[in-house]
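Just the heavy atoms: all of them, side chains too, but no hydrogens, waters or symmetry mates, feed the values below. Small disclaimer: the values here were computed from a predicted structure and weren't measured. We count ligands from 1, going down the list as the structure has it; atoms in each ligand are counted the same way. Positions are given from 1 along the sequence.
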Amino acid sequence: MSETKILLSEKEMPTHWYNIQADMPNLPKPALHPGTKQPVGPEDLKPIFPMELIKQEVSTERWIEIPEEVQEIYKIWRPSPLIRARWLEKALDTPAKIYYKYEGVSPAGSHKLNTAVAQAYYNKAEGIKRLATETGAGQWGVALSQAANFFGLECTVYMVKVSYQQKPYRRSLMQIFGANCIASPSTLTSSGRHILEKDPESLGSLGIAISEAVEDAVSREDTNYALGSVLNHVALHQSVLGLEAREQMAKVDAYPDVVIACCGGGSNFAGIAFPFAYDKIVKGAKVRLVAAEPSACPTLTRGHFGYDYGDVAGFTPLLWMYTLGKEFMPPGIHSGGLRYHGDSPLVSQLVHDGIAEARAFGQTAIFESAVLFAKSEGFVPAPESSHAIHSAVEEALAAREAGEARTILFNLSGHGMLDLPSYDDFLAGKLEDYPLPEDSLKEALAQLPKI
Ligand SMILES: *Cc1c(COP(=O)(O)O)cnc(C)c1O
């Protein structure tokens, strides 16, 4: 029998990140300044980001060196394993070969630490003392707290209030690493106070928390802002996923017919898929790239492709992306990390150009696949990651139906050990699906900025 767990040694770890901006047939249109509506320049971003990340954001160099200090920290959990899902294959009685890249081994429990460490490093190197950020379900807040701690930076996290109340253990984790975790909307920022005046009971949203974190960073000289997904430099840092996975598959003479990841802001999809997109664009490989999103927040499958703000207050630059409108308030599904109105401009452009594709799934379906996966492979997946699992299960069943061999690779972006209350709800039959009604979609899209 061939290998089940395919490992790389530290010596085989990627030394450079892959930048897809070097190879895309069409780059997304440039980000626009929220006031002037002109393309943003480095000067506009300097109050909140270090110069090195601003350069990466617009770089068209194909390979960007991973700083040695970042590589050293990566070695705590990287290279992450690639695992052949033999028991899932058996359970599905499929001729397909299923492989998953497992990012739950990181100290943060998800892929997010790959970019958090890089971002903390560049901020430290440019003299920044403190980072401000937002977090939805808490995974990004945990990852940035850890990374800030590694580099001796202070960290303030605005956490969406509903999650702050419902996910106390992620808050505990942030506190272990010394971060200051604040329920958003808060009275500490004018954007938070503005929301609370209108609705004192507001449970917050990612868009509101971003406004608070950006305002915090702009108002203090020693503080920068950090974003855990969406932006080009985040996609760049996550490319270690696909670079490692491609190496690992080559070790067992395998190459995927389809690469799958869940998609919230797009960073773990970008991470696993972009190195294969390179093969597809530059070398003509026949690989399919599938982004899996919730049908309650169907940005790529039903959103509008155009300019929109990244936050509710309209502080951020306008990004060229698929969006449901910045005012879109997704229902409280259990995949907090996928509840964002927009998507990475790079992922959006690739979907628009037909290089990648997108699928949307309801939460009862994804939890069914999550439990099947847990029972087959043992790992309890994050609800977000379970969208990718469900899509992989569909691919495997289609292969069975067609009686054809198919090699499937998906990214298991994180573990679900802090999401057990969601599993309780599923097992008790309490989960509901919230397919977005056409009317609500029209309403949300009517609010889009006119550019
Ligand atoms: C945040 C998160 C996601 C979604 O974010 P992307 O930027 O789309 O990758 C997916 N899975 C896990 C485990 C997460 O924490």
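- Taking atom 7 (O) of ligand 1 as the reference point, the nearest protein heavy-atom neighbour is S229 OG, 2.4 Å.
- Residue G414 has no N or O atom closer than 3.5 Å to an N or O atom of ligand 1.
- Here the options are K280, M24, E357, the test is side chain to side chain contact (heavy atoms under 4.5 Å, CB included), and the partner is L350; only M24 passes.
- Nearest to atom 6 (P) of ligand 1 among the protein's heavy atoms is S267 N, 3.5 Å.
- Y322 and H352 have tilted rings, their planes meeting at an angle from 30° to 60° on a 0 to 90° scale.
- Using a cutoff of 4.0 Å between basic side-chain nitrogens and carboxylate oxygens, K55 and E52 are scored as salt-bridged.
- Atom numbering of ligand 1 starts at 1 in the shown order; those under 4.0 Å from a heavy atom of N268 are 6 (P), 8 (O), 9 (O), 10 (C).
- Listed by chain and residue number, W63, Y278 satisfy the ring pair (Phe, Tyr, Trp, His ring centres under 6.0 Å) test with Y18 (two or more places apart in sequence, or in another chain).
- Looking only at heavy atoms of the protein, atom 11 (N) of ligand 1 is closest to S413 OG, 2.7 Å.
- The residue among H415, K112, E384 with a heavy atom at the shortest distance from atom 14 (C) of ligand 1 is K112.
- Q248 and K101 form a side-chain donor-acceptor contact under 3.5 Å, judged by distance and modelled atom types alone.
- Remark: minimum distance from atom 4 (C) of ligand 1 to any protein heavy atom is reached at G337 O, 3.4 Å.
- Judged by distance alone, the side chains of W140 and T133 do bring a donor and an acceptor atom under 3.5 Å apart.
- Judged by the shortest distance from any of its heavy atoms, H111 lies inside the 4.0 Å radius around the atoms of ligand 1.
- Looking at L338 against ligand 1, only its side chain comes within 4.0 Å, counting heavy atoms.
- What sits closest to atom 8 (O) of ligand 1 on the protein, heavy atoms only, is G264 N, 2.7 Å.
- Between C262 and ligand 1, no N or O atom pair is found at a separation short of 3.5 Å.
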Task: Test log, rule side-chain contact (heavy atoms from CB on, under 4.5 Å), inputs E103 and N114 - done: CA-CA 10 Å; E103 288 297 301; N114 299 325; 3.3 Å; yes
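- Residue Q165 places its CD atom among more than 12 non-hydrogen atoms of other residues, nucleotides or ligands, all under 6.0 Å distant.
- Residue-ligand proximity, C263 to ligand 1, at heavy-atom distances under 4.0 Å covers atoms 8 (O).
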